[in-house]
There are 2 protein chains.
Amino acid sequence: MSRKRSDQIAEGLRQRILSGELPPGARLENEATLTARLETSRWTLREALKSLETQGLVRVRSGPGGGASITEVSAATANELLWNFCFSRDLSVPDIYALRKLLEPALARQVTPLLDERTLAQLAATADRCCSYRHEGRGVSEREDELNFHNLLAAVSPNPLLRFLVEFLNGLLLKVVAAQHLDPALAGVDLNYHGHDYHLELIEAFRERNAERAGRLMYEHMEAGERYMAEVTALATSRAAARSATHDSEESQCP
Amino acid sequence: MSRKRSDQIAEGLRQRILSGELPPGARLENEATLTARLETSRWTLREALKSLETQGLVRVRSGPGGGASITEVSAATANELLWNFCFSRDLSVPDIYALRKLLEPALARQVTPLLDERTLAQLAATADRCCSYRHEGRGVSEREDELNFHNLLAAVSPNPLLRFLVEFLNGLLLKVVAAQHLDPALAGVDLNYHGHDYHLELIEAFRERNAERAGRLMYEHMEAGERYMAEVTALATSRAAARSATHDSEESQCP
DNA sequence: GCGTGAAATTTATTATAACAATTTGCAGCG
DNA sequence: CGCTGCAAATTGTTATAATAAATTTCACGC
């Protein structure tokens, strides 16, 4: 029971959208008509529309024929809103890998029979691009290409929710790593090479339509990634400890 | 690049929240001060705050010492926003079970060593309540108790995201079933009895701290649930087809 | 037939004003 | 000391008005 009038209006419209009465593409009337019909003021109505717009359920445009129109919630919108939820839950990297170890292998098995030649070529290109970094500087862009490989796979899944969750977890990993200052560049360069090999082997498994092998390889890939991140974390925390010990040397000398 | 001033303000505040500069509990200044500081009007500011409120990032209260204060995004809020995304993606029941088959067994394994006596008692109570329905009318409340068992387990998980996703999937199943008019009561009463037995066996496995058995039982439970729902779906669609055939008999007689 | 630009439509923003509703905190009363 | 109720602070809602910005449509010229 929302006390606020604007919330009541927004919730009412939301229910009409979720019930299918207002399908995507439908246009709401203009502000003046709506304020009259809902017996409210222009500002209360605008607050309600802003709420729906934030939820990604409507889009408001200016101009003739403009106004609020119903839209499908985009994956990008859902992604951001779910990130809002996650950021304050101090998710650990192992928490994320616990889920990736469940979803990514299942995804690999599911898409093995579905991959067409074009997607396989894209996967190979991304894997090669990853490899090329081996000889140059490594950093965020390499990590993004790593996840790009997995996002390409996710896009093939016929399960919309699996697709979304895998992509979300991939983005989440980047964000959590950034938030905890676990830059993989901190660690030794030779630690990350497994990743490329797994990608190349995965493409092999895909090409021979061996779902079982693809799933197994993906699980091993996730385990290797988790181990790698654990090493990076250990390195980062030990260095942080060393730094703070040096900085606090004058205060912390008396036990 | 949001063209709208209110979106710019909302996004600016959101970034300050996500960066940790504005931690949960922090209070923003009142409307008058903020409009002055941000050099905007009261209405543009209020639209920005409404957006943040919809995202669950702030809470706005009246009264002295009121105003906008930063809050953690609740699981309930994230749940609703993610449901907005899912509802238009015509998720099938098998899509949902594909994920439940992955997450629920992992959850069962994870929580087996963590369950205390109190939670075990609650689980047993819920399972018993489910059994009691066997002799009475069956319906939505039974289904809710079914999911209640799983939600009790989810609450024990130390992984916040796994916890959230399992609870979300459970609610999602209810909503999708409702949206597709797949009321299990349509099917024969004897179809659903497996559920209770699995719950009782699961409690056994938990008590003997046998994570492997718990995971295996949970997977079988999910498979049984999926099969059950497939039967209900088949029944519902065949009945619907029969109904429409009867109704269209006069038109569809000429081939 | 095509492109360009002007016009019309609609939302976006700002300004001002007033009153209602809610909540806090204090003061007064029992 | 505790409870009640009033006062004050702050947001919530409505009203009116004016200008800016965006976008579509249409007409005009080429």
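The sequence lines fix the lettering, A, B, ..., with proteins before strands; numbering per chain opens at 1. Keep in mind that this is a model prediction, so the values were computed, not measured.
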Worksheet item: What about B:Arg42: does its side chain form a donor-acceptor pair under 3.5 Å with the base of D:dT13?
Response: yes
Fill in: Distance (rounded to the nearest 0.5 Å) between A:Asn170 CG and A:Arg100 CZ
4.5 Å
Worksheet item: Are B:Ser41 and C:dT14 close enough that a side-chain N or O sits under 4.0 Å from OP1 or OP2?
Response: yes
Worksheet item: Between C:dA12 and A:Arg46, is there an OP1 or OP2 to side-chain N/O distance shorter than 4.0 Å?
Response: yes
Worksheet entry | Phosphate OP1/OP2 of C:dT14 contacted by B:Arg5 side-chain N/O (<4.0 Å) | yes
Worksheet entry | A:Glu53/A:Lys50 salt bridge by N-O under 4.0 Å criterion | yes
Worksheet item: Given atom CD of A:Glu31 and atom C1' of C:dA12, what is their separation to the nearest angstrom?
Response: 9 Å
Practice prompt. Check the side chains of B:Ser51 and B:Thr54 for a donor-acceptor pair under 3.5 angstrom, ignoring hydrogens and angles.
Written response: no
Discussion item. Is B:Thr40 close enough to C:dT14 that one of its side-chain N or O atoms is under 4.0 Å from OP1 or OP2 there?
Written reply: yes
Practice prompt. Determine, for B:Asp7 against B:Arg14, whether the closest basic-nitrogen to carboxylate-oxygen distance falls under 4.0 angstrom.
Written response: no
Worksheet item: Between A:Thr44 and D:dG12, is there a side-chain N or O to OP1/OP2 distance below 4.0 Å?
Response: no
Worksheet item: Atom NZ of A:Lys50 and atom P of C:dT13: how far apart are they, to the nearest Å?
Response: 7 Å
Practice prompt. Whole angstrom is fine here: how far is it from CG in A:Leu34 over to P in C:dT10?
Written response: 13 Å
Worksheet entry | Spacing of A:Glu47 atom CD relative to D:dG12 atom C1', expressed in whole Å | 8 Å
Worksheet item: Separation of B:Lys4 atom NZ from C:dT14 atom C1', in whole Å?
Response: 16 Å
Worksheet entry | Length of the CG-P vector between A:Leu49 and C:dT10, whole Å | 16 Å
Item to complete: Assign each of A:Asn30 and A:Trp43 to its nearest nucleotide of DNA chain C by heavy atoms, then name whichever residue's nucleotide is nearer the 5' end.
Response: A:Asn30
Item to complete: Determine, for B:Glu47 against B:Arg5, whether the closest basic-nitrogen to carboxylate-oxygen distance falls under 4.0 angstrom.
Response: no
Worksheet item: What integer distance in Å separates B:Leu45:CG from C:dA12:P?
Response: 17 Å
Worksheet item: Roughly how many Å is it from CZ in A:Arg61 to P in C:dA12, rounded to a whole number?
Response: 11 Å
